[in-house]
Amino acid sequence: MTTLDHNESSDMQEIKNEEIVIKETLMWIDSSTKVENVITFISFIAIIILTICTGVIGTPSINSQKSIRLFKESNIQRLSFDAAPISSYNRFISFDIYFIKNDPSKAINVPVSFEYYIECSSKDKTINKTARTYSGPVLGDAGDNLTHPFYLFNDRLIDYQSIEIVCVMDKTKLPDFKGIVIYTKLGTHDQTTFQCYFRFVYSAFEFYSIITLIRKMRKDSHIFLHLEQKLLIPLIVCAILSNNPLYIFHAYNPGHLYFFTYALGSALFEGCLCLGILVVFEYIRQKNVKFDLEFLFSKLIYCSCIALSHFFYKLHYAIGTYSNPQITGHSVTEFILREIEVLLLCGFVVWAFILFSKCISSIDITERSKFVMYSYANIVTLIGIILFSIIGNAFNLYQDTPLIEVSEFVFSNVFVLMMIYFHWPYSILYEQDYLDEANNQ
């Protein structure tokens, strides 16, 4: 190893130290074999499939129930529904209502008006009792026994043990209907447990990785990182913030603050994730490129727009928890904010694939292995973004399932895990020098 002259300035010594550490410490992606690459391909795909299947198929997120109430002989109908026992661990509860048509073959578009009361109780004590009025059109398709559903109540902060909803209607003003159906949706305990467990596991592994990485690259009270490793640090930090490893505290003691912190953390992570993908493709295309402000400016601006659109979308959701009744996904404002984010993500995907096509035409043969591994990580993540963040959100698919939420979490965190694995340091030059010396002897 090179001996440093202590008469030299500390800055010069630090530069020499950095050169020595960087040269003597390779990353996994710099020396991986074809067999190791194949094993890596299979392993990370298996992690994605296993986690999604566990979170979607193995742990349903919603318990739903339809309760039918037919009109009685009296004009004033008092129809009640309840849900108990429930707790904060259920995450949310909602009630939607359908009207049962007298003539299923007839299409319906009529105005209705009725009152309904909601009473939340805990240990035989009423916590909250509110009265509301619904007034608006009811739509029904020809050939369908039920009308289209519409929203009555939604709560994402459950601090009670039972809830009852009572609908009061005048039958004489509802000649086209013979009853109603209340559709109750309640979050499951299993899905809450899944989120607590996997948020903590992924975050703990990422936190352990960043601490170990810094320790491995520390020398003479200084930390010397490869350029790729320096870019990896903010990605890991944002992933941990977005995952919220202490989600279990929110599960047992829900509060409005969680929704605001999640809006900020998830926005930072999405922006950082998109920036990371673009930078990786540019790094492959332009070997030894300097990551200065000029190089990063356009990418930072666009990815910041994506992060801001995601933040405002989630912020609107967080503010909605204060409203009475709470704002749901049926809000026009929430729909517009979601579509803005989707459009920006579409532009990002197009940009990423343009860079990928340029990489293919300009790749250095000596960088082929690194190109394959980086492209694998980026394209797998882009597929997840296209399927769930773009198509799933744009067309409001996979309703009443955790597929979008779980899949977005898995694809983004597996990208972070792949970047950690690719850039993991291990010293091999010392071992190689020792083997060469032994062979010579």
Side-chain angles (χ1 to χ4, degrees), residues 18 22 25-32 37 40-41 44 210 213 217 224-239 242 267-310 341 343-386 389-390 411-425:
E18 182 170 8
I22 294 301
T25 308
L26 298 180
M27 297 181 295
W28 179 89
I29 198 169
D30 293 319
S31 57
S32 60
N37 291 346
T40 301
F41 292 156
F44 281 109
I210 196 172
L213 175 64
M217 301 301 288
F224 304 112
L225 298 172
H226 291 263
L227 181 58
E228 300 95 313
Q229 292 169 335
K230 292 178 182 179
L231 297 173
L232 180 62
I233 299 298
L235 180 65
I236 300 175
V237 172
C238 290
S242 177
L268 288 173
F269 184 35
E270 182 169 54
C272 196
L273 178 73
C274 295
L275 179 63
I277 291 175
L278 295 178
V279 168
V280 165
F281 275 139
E282 282 284 18
Y283 178 75
I284 300 171
R285 189 171 70 90
Q286 303 181 49
K287 189 177 180 181
N288 299 322
V289 65
K290 185 178 180 182
F291 289 146
D292 53 12
L293 183 60
E294 182 181 357
F295 169 77
L296 294 173
F297 184 74
S298 59
K299 301 173 186 63
L300 279 172
I301 293 298
Y302 194 86
C303 293
S304 296
C305 290
I306 294 176
L308 283 173
S309 66
H310 181 87
E341 181 185 1
L343 289 174
L344 288 171
L345 286 174
C346 287
F348 157 73
V349 170
V350 172
W351 190 355
F353 276 108
I354 290 174
L355 290 178
F356 175 66
S357 64
K358 290 181 179 179
C359 289
I360 295 175
S361 60
S362 61
I363 185 66
D364 186 342
I365 191 170
T366 61
E367 297 286 310
R368 182 175 297 173
S369 178
K370 185 177 288 190
F371 167 73
V372 170
M373 298 309 297
Y374 277 144
S375 298
Y376 165 74
N378 284 1
I379 290 175
V380 166
T381 308
L382 287 171
I383 289 172
I385 292 174
I386 293 169
S389 299
I390 295 179
F411 274 93
S412 57
N413 275 274
V414 167
F415 176 80
V416 176
L417 295 184
M418 284 191 281
M419 290 296 105
I420 292 173
Y421 186 68
F422 292 171
H423 301 130
W424 196 251

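Hydrogens, waters and symmetry mates play no part in the numbers below; they use all other heavy atoms, side chains included. Starting from 1, each residue takes its place in the sequence as its number.
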Is there a side-chain contact between [X] and [Y] (heavy atoms, below 4.5 Å)?
X      : Y      : value
Phe348 : Leu278 : yes
Leu268 : Ser242 : no
Ile284 : Leu355 : no
Phe415 : Phe44  : no
Leu273 : Thr381 : yes
Tyr421 : Thr40  : yes
Phe411 : Val380 : yes
Lys358 : Phe281 : no

Looking at every non-hydrogen atom in both residues, tell me the closest pair between [X] and [Y] and how far apart they are.
X      : Y      : value
Cys238 : Cys272 : SG-CB, 4.2 Å
Ser369 : Ser32  : OG-OG, 3.9 Å
Ile379 : Phe356 : CD1-CZ, 3.7 Å

request  = Assign the ring pair Tyr283 / Tyr374 to parallel, tilted or perpendicular, where the plane angle (0 to 90°) is split at 30° and 60°.
outcome  = perpendicular
request  = Would you check, one step at a time, whether the test side chain to side chain contact (heavy atoms under 4.5 Å, CB included) holds for Leu213 with Ile233?
outcome  = CA-CA 9 Å; Leu213 175 64; Ile233 299 298; 3.9 Å; yes
To the nearest 0.5 angstrom, please state how far the [atom1] atom of [X] sits from the [atom2] atom of [Y].
X      : Y      : atom1 : atom2 : result
Met27  : Gln229 : CE    : CD    : 5.5 Å
Ile277 : Phe353 : CD1   : CZ    : 9.5 Å
Leu345 : Trp351 : CG    : CH2   : 13.5 Å
Leu235 : His423 : CG    : NE2   : 10.5 Å
Leu225 : Lys230 : CG    : NZ    : 6.5 Å
Leu300 : Leu275 : CG    : CG    : 5.5 Å

query = Under the side-chain contact (heavy atoms from CB on, under 4.5 Å) test, which residues partner Leu344, sequence neighbours left out?
reply = Tyr302, Cys305, Ile306, Ser309, Ile340
key: Polar contact flag, side-chain donor to acceptor under 3.5 angstrom, Glu270-His310   = yes
key: Listed partners of Phe269 passing ring pair (Phe, Tyr, Trp, His ring centres under 6.0 Å), at least two apart   = none
key: Pairing residues for Phe41 by the ring pair (Phe, Tyr, Trp, His ring centres under 6.0 Å) criterion, not counting sequence neighbours   = Tyr376
message = Does Asn37 form a side chain to side chain contact (heavy atoms under 4.5 Å, CB included) with Val372? I'd like the steps, not just the answer.
response = CA-CA 9 Å; Asn37 291 346; Val372 170; 5.6 Å; no
request  = Determine yes or no for a side-chain-to-main-chain donor-acceptor pair under 3.5 angstrom, with Ser357 supplying the side chain and Ile354 the backbone.
outcome  = yes
